[in-house]
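One structure is given here, and the rest of the page talks about it.
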Amino acid sequence: MIPVLICALISLSVAENNDLDTLFPELEHSRTIYVTENGPRLSVVADQLKVVTRRGGNVTLPCTIQRDQSMAPNRKMRIKWTKLTSDYLKEVDVFVAMDYHKRSYGTFHGRVHLQGSSPMDASLVITEITLEDYGRYKCEVIDGLEDGTVVVSLDLEGTKGGITRVKIKGAFSVIGL
C-alpha cells in the first residue's frame, strides 16, 4: 500500500496541470494551499557587531531583544551567551540567565553579568579582560517556541592573531601569545 501511495505522489508532482485531468478524471476539484508565517515574533540584534577593548579593562557586548507586543509576557525567557571556538565547531558556555536564576561558567565565573538597563537588554558585561577573552560571542534568547541569536566579535587593542605587539624604541617585540 505504501509503495502505491509513493508512486501516486511522485506522479502527481511530476505531472503537469493538464496531465492531472487525464490521469485522475475522478478528481473534480483541486486546491493548492499555501502556508505562510507572519515572520519572527522575537529577534535579537546588536548595535555593534565588533567591539574593541584592552586587556584588564571592561567591555559590554551588545544584545537587544525585539519582541512582538502581541506575545504574552514570559518570565521564563532564557538568555544564553556562548563563546565560539576559533574553528566555529564548538560553543563554550559563558553565561545563562532565566528570570532570577543566573550562572557564569569557567574562566568567566565572577567576571560576567547582564547589563540589564531595560527588560529587553541582554547585553553582556565582561570585566578584567584577558587575552583569552578575544573572539566571537553568541547571544541567544529563547522565549517559549520563539528564539533569536546574534554574534558579536570582541577584539583587543594591540593584538593581531592572538599576539600582543608593543613598540619599544622603534622595534616591535612580541610579549604574549
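Because only heavy atoms are used, hydrogens play no part in the values below, and waters and symmetry mates are left out as well, while side chains stay in.
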Side chain W81, main chain A97, donor-acceptor under 3.5 Å: no
Same apolar cluster (I L V M F W Y, side chains within < 4.5 Å links), I79/V92: no
Common cluster, L114/V51, ILVMFWY with side-chain heavy-atom separation under 4.5 Å: yes
V52 with L124, same ILVMFWY side-chain cluster at under 4.5 Å: no
N58 vs T127 side-chain heavy atoms within contact, under 4.5 Å: yes
Inter-residue atom distance T60.OG1 - H113.NE2, 0.5 Å rounding: 7.0 Å
All side-chain hydrogen bond (donor to acceptor under 3.5 Å, both in side chains) counterparts of K83, not counting sequence neighbours: none
Contacts of E128 that satisfy side-chain hydrogen bond (donor to acceptor under 3.5 Å, both in side chains) - sequence neighbours left out: none
Contacts of S104 that satisfy side-chain hydrogen bond (donor to acceptor under 3.5 Å, both in side chains) - sequence neighbours left out: H109
Side chain to side chain contact (heavy atoms under 4.5 Å, CB included) involving D47 - partner list, sequence neighbours excluded: P62
Hydrophobic cluster of Y105, others only, ordered by chain and residue number, side-chain cut-off 4.5 Å: V96
Which residues share a side-chain hydrogen bond (donor to acceptor under 3.5 Å, both in side chains) with Q66, sequence neighbours left out: S43
Value rounded to 0.5 Å, distance of CD1 in I65 from OG in S118: 8.0 Å
Contacts of K50 that satisfy salt bridge (charged side-chain N to carboxylate O under 4.0 Å, His left out) - sequence neighbours left out: D155
Residue pair V141 / V150, side-chain heavy-atom distance below 4.5 Å: no
Linked, directly or transitively: V125 and Y137 (ILVMFWY side chains, under 4.5 Å): no
Listed once per pair and sorted, the disulfide (SG to SG under 2.5 Å) pairs that draw on residues 85-153, sequence neighbours left out: C63-C139
Side chain to side chain, D143 and R67, heavy atoms closer than 4.5 Å: yes
Within-4.5 Å side-chain heavy-atom neighbours: R55 and L131: yes
Pairwise distance CD1(I142) to CE(M77) - rounded to 0.5 angstrom: 11.0 Å
Approximate separation, where rounding is to 0.5 Å, of L42 CG and E146 CD: 6.5 Å
Qualifying residues under salt bridge (charged side-chain N to carboxylate O under 4.0 Å, His left out), relative to K80, sequence neighbours excluded: D93
Cluster check M120, V45: I/L/V/M/F/W/Y, side chain < 4.5 angstrom: no
Nearest heavy atoms of I129 and R54, plus distance in Å: CB-O, 3.7 Å
Listed once per pair and sorted, the salt bridge (charged side-chain N to carboxylate O under 4.0 Å, His left out) pairs that draw on residues 94-122, sequence neighbours left out: R75-D99, R111-D133
Side-chain heavy-atom pair T53, L156 within 4.5 angstrom cut-off: yes
Main-chain N/O of K90 paired to T85 side chain as donor or acceptor, under 3.5 Å: yes
